[in-house]
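Report on the structure given below.
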2 protein chains.
Amino acid sequence: MSKPSIAAGAEPRRAQERSPAGAAHRGEGEGLESKPLYRQVRETLIRRMVDGVWAPGEPLPSEIQLAAELGVSQGTVRKALDEMAAENIVVRRQGRGTFVARHDEERILFQFFKLVGDDGERHFPESRVLGIERAKGTAAECGALALPRNGRVLRIRRLRTFDGAPLIIESLILPDQMFPGLADAPVPNNLYGLYAQRYGITVARAREQLKAVGADSDTAAMLNVEPGAPVLLIDRLAYSLDGTPVEWRISFCLTAGFHYLSDLT
Amino acid sequence: MSKPSIAAGAEPRRAQERSPAGAAHRGEGEGLESKPLYRQVRETLIRRMVDGVWAPGEPLPSEIQLAAELGVSQGTVRKALDEMAAENIVVRRQGRGTFVARHDEERILFQFFKLVGDDGERHFPESRVLGIERAKGTAAECGALALPRNGRVLRIRRLRTFDGAPLIIESLILPDQMFPGLADAPVPNNLYGLYAQRYGITVARAREQLKAVGADSDTAAMLNVEPGAPVLLIDRLAYSLDGTPVEWRISFCLTAGFHYLSDLT
DNA sequence: CAGTGGTCTAGACCACGTA
DNA sequence: ACGTGGTCTAGACCACTGC
């Protein structure tokens, strides 16, 4: 017998009778490759989400069903799902079930949009697309998005306003082949929802780097401030469920009446 | 019998024989006041840390011992400790034990100091205190620190440099009575370590609000830039283990060669 | 070797949501 | 009434640490 594992290739292991003593099947050699069972379960479930087996918003099978299918105990499935809930890739609701997290406006607002009104209110700004182009990526762009040299990218530039006042001017760079046809249809305000619904790509986490810079003349004109006025530069790289970089976003934000909220926990 | 609970007043409940069926002691009425057992355990342990029963860096009793002392199962203690480990209140090390988290430089660097070099290196700047004063707090100060009107505060102003170059100029406001004698001794670079060691106050989390602003003439002079130069304003409120606001800190940071790193997970 | 946390299982009952 | 996740218990074995 080998270390505990879910049968290779994401195939579930049949339950078949197990030795009565809980973990009696464990402990043999198997020199390498042995993550905890609950992590293997987690990765199996994530792989299925990436493969589109369950779409965002849909319920997963119940813990009992998953446990039976994967040949592990309910407790192990539970630990995997609890961890996934902590990562916001799944939502658990007592009495109802476990659901693939959706990129609805509320989630964006709390997980990915950190600009908050000074009164504490969370607002979602309106967006107006200024331009879209497809081109060969620069070295920096291809590097950030893990594309081969000269890989094609999609660039989107848009102005985001709140109550009609300019708030953010931002540039997005995407891997062109990952989002075929995106440039041909209207671009919605909630882009991560579009990535998920139309392309099956789920943004799971992002890394943001912030600087205070002076607005250049272009930026200043778009934001309706004087050149050199202080603006908050946010450089975001967003990653999908499987860790692939999906979007590079550079935003220049006005922070009069708004601030970037960061919880250190 | 009432709902599951640890005997009132943080006193442990003796183990005494329990009905064999695991949860058979649960289920009676008890109209209100019923958090899950593992949260009660968590709060009992936190209260003890606040009371100084275990100092930072010291080991807690083993899960088995805590379970016996509190009259709950090892699994319940484990769930409480796992949650506390996720909150960085406690550090668990296999084979060694569970320890109260310390505010050593490494923890500060990763949990509370988000300014990172553009090369990705995390640096801890040097500090030079410019002034300390005790005074009646302004309305804003007392409000932020949850002090009564006109409560006394301690103000510290310091310049933080990296490799000799000015990086941050910051003002700290503390409740005076919470830190007696702090103004009479040299102020170390790692303040949270001092709060913990000398005053038994553990900073557990903080909330930061960021803006890009133009440096006023004072700030500009201290940071060696021209007035109006863009600087990153960080407004931090730090809370202790029991949720009390402990420190209000306003920092003006240069972000040339450095950036504020925020992980959206 | 003994003691600690880490993983895994099995089974009970509770609380919630839906029908 | 039923099925879901949430809590709690009990007990097994594993992996690591330090004596």
Check your understanding: Once the angle between the rings of A:Phe179 and A:Tyr199 is folded into 0 to 90°, is it parallel (under 30°), tilted (30 to 60°) or perpendicular (over 60°)?
Key -> perpendicular

Practice item. Would you mind reading off the distance between A:Phe99 atom CZ and C:dT18 atom C1', rounded to a whole angstrom? Key: 12 Å

Review point. If you take atom types as modelled and just measure distance, does the side chain of B:Arg96 reach the base of D:dG18 with a donor-acceptor pair under 3.5 Å?
Key: no

Point to revise | Residue whose closest nucleotide on DNA chain C lies nearer the 5' end, A:Lys79 versus A:Gly95 | key: A:Lys79

Check your understanding: Can you tell me how far P of C:dC8 sits from CG of B:Asp82, to the nearest Å?
Key -> 13 Å

Practice item. Select one nucleotide: of D:dT9, C:dT4, D:dG5, the one nearest the side-chain heavy atoms of B:Leu37. Key: D:dT9

Exercise for review: Ignoring backbone atoms, test whether B:Ser62 places a side-chain nitrogen or oxygen under 4.0 Å from the OP1 or OP2 oxygen of C:dT4.
Suggested key: yes

Practice item. Please say whether the positively charged group of B:Arg93, taken as NZ for Lys or CZ for Arg, lies over the ring of B:Phe99, i.e. under 6.0 angstrom from the six-membered ring centre and within 45 degrees of the axis. Key: yes

Review point. Out of D:dC8, C:dA10, D:dG6, which nucleotide sits closest to the side chain of A:Gln94?
Key: D:dG6

Review point. Can you tell me how far C1' of D:dT7 sits from CZ of A:Arg92, to the nearest Å?
Key: 12 Å

Review point. When you measure from the side chain of A:Thr76, which nucleotide among C:dG5, D:dT7, C:dC8 comes out closest?
Key: C:dC8

Check your understanding: Is there a side-chain polar atom (N or O) of B:Arg78 under 4.0 Å from OP1 or OP2 of C:dG6?
Key -> yes

Review point. Quick one: A:Lys35 NZ to D:dA15 P, roughly how many Å, whole number?
Key: 17 Å

Practice item. Please tell me which of the listed nucleotides, C:dT7, D:dG5, D:dC8, lies nearest to the side chain of A:Pro36? Key: C:dT7

Point to revise | side-chain N/O A:Thr98 vs D:dG5 OP1/OP2, d < 4.0 Å | key: yes

Check your understanding: Would you call B:Glu170 and B:Arg236 a salt bridge, taking side-chain N to carboxylate O under 4.0 Å as the test?
Key -> no

Check your understanding: So A:His103 and A:Tyr192, would you call those rings parallel, tilted or perpendicular, with 30° and 60° as cut-offs?
Key -> perpendicular

Exercise for review: Find the distance B:Glu63:CD to D:dC16:C1' and express it as a whole number of Å.
Suggested key: 14 Å

Review point. Are OP1 or OP2 of D:dT4 and a side-chain N or O of A:Arg93 less than 4.0 angstrom apart?
Key: no

Check your understanding: In whole angstroms, how far is the P atom of C:dC8 from the CD atom of A:Glu83?
Key -> 11 Å

Review point. Which nucleotide, C:dG6, D:dA10, C:dT4, lies nearest any side-chain atom of B:Gln65?
Key: C:dT4

Point to revise | Distance test, side-chain N/O of B:Tyr38 to OP1/OP2 of D:dT7, below 4.0 Å | key: yes

Review point. DNA chain C: A:Arg39 or B:Ile64, which has the more 5' nearest nucleotide?
Key: B:Ile64

Check your understanding: Separation of A:Gln74 atom CD from C:dC13 atom P, in whole Å?
Key -> 15 Å

Check your understanding: Should we say atom CD of B:Glu106 is surrounded by more than 12 heavy atoms from elsewhere, each under 6.0 Å from it?
Key -> no

